[in-house]
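Below: the structure, in structure tokens.
Source: prediction; values computed, not measured. Ligands are counted one by one from 1 in listed order, and the atoms in each one are counted from 1 as well.
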Amino acid sequence: MSEKYVYLFEEGTKEMKELLGGKGANLAEMTKVGLPVPKGFTISTKACTDYYANGKVVTSQMQEQIDSALKKLEDATGKCLGDNNNPLLISVRSGSVFSMPGMMDTVLNLGLNDQTVEVLAGLTQNPRFAYDSYRRFIQMFSDVVLGIEHYNFEQVIEEVKSKKSVTDDTQLNGEDWKSVVAEYKKIVQTKLKKPFPQDPKQQLQMAIMAVFESWNNQRAIVYRRINKIPDELGTAVNIQMMVFGNLGEDSGTGVAFTRNPSTGEAKLYGEFLMNAQGEDVVAGIRTPKSISSLQEINPGIYQQFAGIAEQLEQHYRDMQDIEFTIERGALYLLQTRNGKRTAQASVKIAVSLVKEGIIDKEAALMRVDPEALDQLLHPRIDPAKKLAIIAKGLPSSPGAATGKIVFSADDAEKMGQQGEKVILVRPETTPEDIHGMVAAAGILTSRGGMTSHAAVVARGMGKPCITGCEALKIDLKRKEIQLSGGQILKELDIISIDGSTGNVLLGEVLLIDPELSAEFLELLSWADQIKKLGVLANADNPEDAEKAREFGATGIGLCRTEHMFMAADRIPIVQEMILAEDIEERQTALAKLLPMQQSDFLGILKAMAGFPVTIRLLDPPLHEFLPNIEELLVDITKMRYEGANLGEIRQKEDLLRKVRNLSEFNPMLGHRGCRLGITFPEIYAMQAEAIFMATIELQRQGITAAPEIMIPLVGHLNELKLMRELVDQTAKRVKQETQEDFSYSVGTMIEVPRAALTADKIAEQADFFSFGTNDLTQTTFGYSRDDAEGKFLHYYVDHKILPENPFIAIDQEGVGRLIELGVKLGREKKPHLKIGICGEHGGEKSSIEFCYRTGFNYVSCSPYRVPIARLAAAQAAVINKDQSK
Ligand code: PEP
Ligand code: MG
């Protein structure tokens, strides 16, 4: 059967997104429900993928279908492409399954040539409009299809304006634009050594191919990579009759959201320009008016638009982002799609839609991307602080950032890679700047509205952004900004931006912790009702434990005790312990550490009163606490050279010898984890004692403490057996000495493959398993977790050698299989074995879903990610419920 590649708008529905792309499917849907959509048709994404599969050829089968759809469009509109009496003008737009704003190409006003422009001038009685449209078409077509970039044309208009001594494009008349067109055509001729194509059919063919090709332009590829959009999807091409917003003051064009995309407030939100074409609004060249002022300019159209906006929102059950054009007083819709929004808005909208009875709670939970919540969980500028505000722009994407000023995307990328925080400052951004926006901490532009490129992209990325900050005079050549008071800021000066207020501040500012909004808390409470996985936190001090509680953690899944050893006042005692020549010396040092550890544990157990706290006994290699070998060598050489006291030199040499003895070729695979506890049992005994003493102290205060002692890096049952005996003996001794009883459990971290492979044996000695997926990933892949990401892993991911960074999302094919096996074997031995995860994966969406499916009891992650994990755990429950139906 032959493939159907082309669909009239009347033939499609919103469900056909995969085939028609988002834009095409929604144009079809709006047509179906009777909204005023200019007529047109869509060439499917399948046509695009077949185009590539056929070696970049539009097959005759595709071409026939395009010709036939065009004929139907001509019949329906009564106009004809290239006709010298009533020419049809069309737009050719890309439209993929997932929205990729501004990433692919569009051609407007196609069908104009030296003849049809004259006809258009006559028909509209508006030569100015006709020639302005023609020059826009030449410029756009040349850029998108012929590969002659925009800037080649820019100077021409400036010259015509300066010749006429005018400053604004609107001051140019038909003759002026005609002369611009003549110049533009000359540019094309010079560049291509052939004239600008005059045959509209040929123009159309070329434009369709250019849109197909734009699927693989650099910025689209980068955008797909960042947003994890598959490369195989291809783009659809939408061909639509043009309607004109630039026919005079009764025409206009705009973009509007049915709710505020920054805050989520349920109020129409958007911008428009009268006497303008669509690109003028989004390009940020003229600063648009707010949609509410359309009410005064044209109340009838405003009412009609507001009604349609509501209808579309109800129809799609979500906030819509709508593009419209007014042609001589008649309203047309050019696009609707689910609007991109900030995390704050996404939470508010999801909760409001439930309250308005439009969606149910489960749907609301699925509407919010857990990762996006990250934006709401980060520090912001303290509103109580008085700060030097140097300028104010539009608050286009919330959050605060401090950094050094850079003026180009390339510089932002370069400095970002060096770990510098930068603010990208541009007059406006274009899709070419995307790599710099990714690297920057925040974005500041002097032009453009809340729907400009910078605003839309920054919101999507969750980066603070201010646009339309017109008080800034940016001089890109001199790399400086002049403020309205005359003050000059230079490249690398530090500024701060507050994307929630639009304030630009001089210097660095203090940021404060976020508070969760009422809607956020409500959404999380719905998440808790549905989720089946416990969400615990990785925390090793009382402050983090409190933060974790505040964010809803129901316990600590991992307390890394080595972090407690790192404090400046403890390092000398820890060194004393490590360098001890014999057990007595070591015991002396340990005796000093014991009360310190005890008070640490007391604080944490108290903050988590009643909730489980898993404390892991010391894990890292001992030499990490010792002085650096190179530095010691330098010291000794210097001492010798300067003739220092021989005794002191000997002492230093002795230290060097001990440090060398402890140093390892491969510390990650070395003397760490339980290997340490086995060779120096007194360390683990001291830690266990400190935990038990803290537990007793709390019990005496009437506070329940529930310590769970975790033995790290176990690979063989005997290791765990020995360490369990040590902990149990210590407990027995403490009980005897204090005459107090307490309960505790002993478990292990499964973080090397052998532990997973022998999990049935290990379970004999474990009350719980906690998968340490950081080390398990390291040891399963054989990748050094400290080196791989900096050296080759990014290359692997960029070149699709690996689908994802396995240190971020669990590699389900490999590491995941080991985990599944470990869970299965462990539960075979002990059906009620408690199982959790405490590697960094414990806060990541796909890993949480995996843990849910594998039958985990809990996930544990950093305190700031606890709300993300709560939502992801709820989504896992919803997804799996739906799948089991
Ligand atoms: C792990 O290996 O996954 C783990 C949680 O331990 P750490 O990161 O401390 O090695
Ligand atoms: Mg580990």
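- The minimum heavy-atom distance linking A539 with D544 is given by the pair CB-CB, 3.7 Å.
- The only member of I615, I604, L536 that meets side chain to side chain contact (heavy atoms under 4.5 Å, CB included) when paired with I556 is I604.
- Here R672 has side-chain heavy atoms under 4.0 Å from ligand 1, and that is the only part of it that gets that close.
- Looking at R817 and D811, no side-chain N of the basic residue comes within less than 4.0 Å of a carboxylate O on the acidic one, giving no salt bridge.
- Below 4.0 Å from some heavy atom of C838 lie the following atoms of ligand 1, by number and element: 5 (C).
- Ligand 1 places these atoms under 4.0 Å from at least one heavy atom of R560: 4 (C), 5 (C), 6 (O), 7 (P), 8 (O), 9 (O).
- At least one N or O atom of G772, backbone or side chain, sits closer than 3.5 Å to an N or O atom of ligand 1.
- If you check which protein heavy atom lies closest to atom 3 (O) of ligand 1, you get N774 N, 2.7 Å.
- The residue among R785, E751, E840 with a heavy atom at the shortest distance from atom 8 (O) of ligand 1 is R785.
- Side-chain atoms of T561 and Q687 include a donor-acceptor pair closer than 3.5 Å.
- In terms of N/O distances under 3.5 Å, ligand 1 is approached by D775.
- Using a cut-off of 4.0 Å between Lys/Arg side-chain N and Asp/Glu carboxylate O, R616 and D540 are scored as not salt-bridged.
- For the pair OD2 of D775 and OE1 of E751, the angle whose vertex sits at the Mg ion (ligand 2) is 100° to 10 degrees.
- Put simply, part of M749 is less than 4.0 Å from ligand 1, judged by heavy atoms.
- Smallest separation of non-hydrogen atoms from T695 and A705: CG2-CB, 3.9 Å.
- The protein heavy-atom contact nearest to atom 6 (O) of ligand 1 is R616 NH1, 2.9 Å.
- Of all atoms in ligand 1, listed by their number and element, those nearer than 4.0 Å to a heavy atom of L558 are 5 (C).
- Both tests do not hold together for K834 against F769: distance to the six-membered ring centre under 6.0 Å, angle to the ring axis within 45°.
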- Might you work through the side-chain hydrogen bond (donor to acceptor under 3.5 Å, both in side chains) test for S860 and N538, ending with a clear yes or no? CA-CA 6 Å; S860 186; N538 297 346; 2.5 Å; yes
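- Listed by number with element, the atoms of ligand 1 under 4.0 Å from a non-hydrogen atom of T773 are 3 (O).
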